[in-house]
Amino acid sequence: MADSSRVSFFSATSMEDIQADNTISKPVMSTASGDIQISISNQDFVFKSKLMGEHYNEDYMETSKYPHTVFKGKVNEKVDYTKDGVNQVTVTGSMNMHGVIKSITIPGTITIKNGLIFLYSKFDIKMVDYNIKVPSVLGNNLSDHVAVTLTATMKPYKTN
């Protein structure tokens, strides 16, 4: 289970860059199967301005209608989680965002150090793929994609 995590996104615009962070959502992973899952509460992204957050929640993500983004996937490469090291991996799975479920493959790094697992991934999402509409008033001021970054520190979960 993630002890700490951060999901961020960034989109360049001609008016003002858009960036937000979510440190609430925590991924879970099975080292035995390579399965990984994260459910992100869309309204828990923090923006530098309140107005930017309102536009994101009301106009783009429609968080009252689509409160969560969920990714469920599996690490494609074999990783020895008992040995310290850096592993370049891909994770293939389904992203359920804004009412659209899409199969995607995400590049990433799994680093094992002193019994901890560190996850890192950076990838782009095209808004059109998830039926996220850009209000016409913004026209060409907004990029058609967002860069998503995930970092997480995973600790073993032990049952009693």
Side-chain angles (χ1 to χ4, degrees), residues 1-13 17-49 52-53 56-57 60-63 66-132 142-160:
M1 296 184 78
D3 183 49
S4 64
S5 70
R6 179 184 200 166
V7 178
S8 303
F9 68 82
F10 175 84
S11 182
T13 75
D17 292 343
I18 299 167
Q19 181 176 349
D21 299 303
N22 179 319
T23 57
I24 306 290
S25 302
K26 307 284 189 242
V28 293
M29 180 175 159
S30 167
T31 56
S33 67
D35 291 337
I36 188 164
Q37 179 175 327
I38 184 168
S39 178
I40 301 167
S41 174
N42 292 324
Q43 66 186 13
D44 287 331
F45 278 96
V46 177
F47 294 81
K48 63 182 172 185
S49 83
M52 207 177 275
Y56 167 83
N57 284 301
Y60 300 103
M61 290 303 286
E62 301 174 273
T63 56
Y66 308 108
H68 295 92
T69 295
V70 178
F71 175 79
K72 294 179 184 180
K74 186 176 189 81
V75 177
N76 294 313
E77 295 74 20
K78 186 76 174 148
V79 175
D80 184 347
Y81 293 96
T82 64
K83 267 192 346 195
D84 284 2
V86 178
N87 305 273
Q88 298 301 317
V89 298
T90 55
V91 179
T92 300
S94 65
M95 179 84 78
N96 183 342
M97 180 173 21
H98 201 251
V100 176
I101 300 172
K102 187 169 175 51
S103 179
I104 62 171
T105 298
I106 299 169
T109 304
I110 297 176
T111 302
I112 295 97
K113 186 172 182 181
N114 299 327
L116 295 177
I117 299 170
F118 301 92
L119 305 179
Y120 173 82
S121 181
K122 186 171 185 176
F123 56 98
D124 283 349
I125 290 180
K126 289 187 176 185
M127 294 191 299
V128 69
D129 289 348
Y130 295 93
N131 293 332
I132 299 170
L142 194 62
S143 176
D144 66 342
H145 69 279
V146 295
V148 178
T149 304
L150 164 77
T151 58
T153 302
M154 312 290 283
K155 285 186 174 179
Y157 177 74
K158 300 186 192 273
T159 57
N160 294 332

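Atoms considered below: every heavy atom in the structure, side chains included; atoms not considered: hydrogens, waters and symmetry mates.
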Atom pair NZ/CD1 of K26 and I40 - distance to nearest 0.5 Å: 11.5 Å

Kindly say whether S25 contributes a backbone atom to a donor-acceptor pair with the side chain of S5 at under 3.5 angstrom? yes

Residues N76 and T92: side-chain donor-acceptor under 3.5 angstrom: yes

Looking only at heavy atoms, what is the nearest atom pair of M95 and F123, with distance? CE-CE1, 4.2 Å

I need the H145 NE2 to I132 CD1 distance, nearest 0.5 Å. 13.5 Å

If you count heavy atoms of other groups shown closer than 6.0 angstrom to CD1 of I101, is the number above 12? no

Donor-acceptor pair, side chain of T109 and main chain of N87, under 3.5 angstrom: no

Given side chains that start at C-beta, do those of K74 and S33 come closer than 4.5 Å, heavy atoms only? yes

State whether the number of non-hydrogen atoms from other residues, nucleotides or ligands found under 6.0 Å of K72 atom NZ is greater than 12. no

Take I117 and Y81 through the side chain to side chain contact (heavy atoms under 4.5 Å, CB included) test and state the conclusion after the steps. CA-CA 8 Å; I117 299 170; Y81 293 96; 3.6 Å; yes

Carefully, step by step, assess Y56 and F9 under the rule ring pair (Phe, Tyr, Trp, His ring centres under 6.0 Å). CA-CA 12 Å; Y56 167 83; F9 68 82; 5.4 Å; yes

Pair T69-N42, side-chain donor/acceptor within less than 3.5 Å: yes

Heavy-atom distance under 4.5 Å between the side chains of D80 and T82, does that happen here? yes

Has N131 got a side-chain atom pairing as donor or acceptor with G99's backbone, closer than 3.5 angstrom? no

Side-chain heavy-atom pair L119, M29 within 4.5 angstrom cut-off: yes

Pair L150-I106, side chain to side chain contact (heavy atoms under 4.5 Å, CB included): steps then yes or no: CA-CA 11 Å; L150 164 77; I106 299 169; over 6 Å; no

Please check if atom NZ in K122 has more than 12 non-hydrogen atoms from other residues, nucleotides or ligands closer than 6.0 Å. no

Looking at G53 and F47, what are the two nearest heavy atoms and their distance? CA-CD1, 3.4 Å

What are the two closest heavy atoms between I38 and P27, and how far apart are they? CD1-CD, 3.8 Å

Do side-chain atoms of H98 reach the backbone of D129 as a donor and acceptor pair under 3.5 angstrom? no

Option passing side chain to side chain donor-acceptor pair (under 3.5 Å) with S8 (candidates T23, T151, D21, T149): D21

What is the minimum heavy-atom distance between D84 and G115, and which atoms define it? OD1-N, 4.4 Å

For the CZ atom of R6 and the OH atom of Y120, what is their distance to the nearest 0.5 Å? 11.5 Å

Test side chain to side chain contact (heavy atoms under 4.5 Å, CB included) on E77 and V75 and set out the steps. CA-CA 6 Å; E77 295 74 20; V75 177; 4.2 Å; yes

Residues S39 and H68: closest non-hydrogen pair is OG-CD2, 3.7 Å

Closest approach of I125 and M97, non-hydrogen atoms and distance? CD1-CE, 3.6 Å

Working to the nearest 0.5 angstrom, can you tell me the gap between D17 CG and S11 OG? 8.0 Å

D44 CG to N57 CG distance, which is reported to the nearest 0.5 Å: 9.0 Å

